Amino acid sequence: MSFDALKDEVQTLPLELQNNIEMYALFVIDQFRKSSQKPERKQTAAEIIHGLTGIIKTDVPLTMMD
């Protein structure tokens, strides 16, 4: 359904229902904005080191100091 057709359909509804639909649409948009603006979670040192496993080729395990 096109936006114009949807708009025409909504305008045939009672005003209170139109307001409810508008409030719901704004709520969904706000939730989307909040979810996309979350700051990236910083990784712990252990997660970073775990992510490097296998990148450095060695026969002996490496320590943090290595």
Side-chain angles (χ1 to χ4, degrees):
M1 178 182 286
S2 72
F3 179 76
D4 290 333
L6 180 61
K7 182 179 169 184
D8 292 341
E9 286 294 317
V10 169
Q11 287 178 343
T12 64
L13 299 172
L15 188 56
E16 184 177 343
L17 193 51
Q18 289 181 37
N19 290 336
N20 289 344
I21 292 170
E22 180 182 11
M23 292 302 293
Y24 178 72
L26 292 173
F27 169 78
V28 170
I29 291 168
D30 188 51
Q31 291 299 310
F32 174 76
R33 285 183 181 155
K34 285 180 181 177
S35 69
S36 64
Q37 291 177 354
K38 286 183 181 175
E40 290 185 27
R41 185 180 73 83
K42 294 185 178 182
Q43 293 180 319
T44 64
E47 290 171 325
I48 294 169
I49 291 171
H50 180 71
L52 295 175
T53 303
I55 294 175
I56 302 170
K57 301 292 182 195
T58 180
D59 295 331
V60 277
L62 297 176
T63 65
M64 288 281 288
M65 294 301 288
D66 293 332

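We number each residue from 1, following the sequence as shown. Computed from a predicted structure; not experimentally measured.
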A.B. asks: Quick check for you: to the nearest 0.5 Å, what is the distance between Thr12 atom OG1 and Leu17 atom CG?
C.D. replies: 9.0 Å
A.B. asks: Nearest 0.5 Å, please: how far is CD1 in Ile29 from NZ in Lys34?
C.D. replies: 13.0 Å
A.B. asks: What residues form a side chain to side chain contact (heavy atoms under 4.5 Å, CB included) with Gln11, not counting sequence neighbours?
C.D. replies: Lys7, Asp8
A.B. asks: With ILVMFWY side chains joined below 4.5 Å, transitively, what does Tyr24's cluster contain besides itself?
C.D. replies: Phe27, Val28
A.B. asks: Would you compute the distance between atom CZ of Arg33 and atom CG of Leu26 and round it to the nearest 0.5 angstrom?
C.D. replies: 9.0 Å
A.B. asks: Could you measure the distance from the CG atom of Asn19 to the CE atom of Met23? Nearest 0.5 Å is fine.
C.D. replies: 8.5 Å
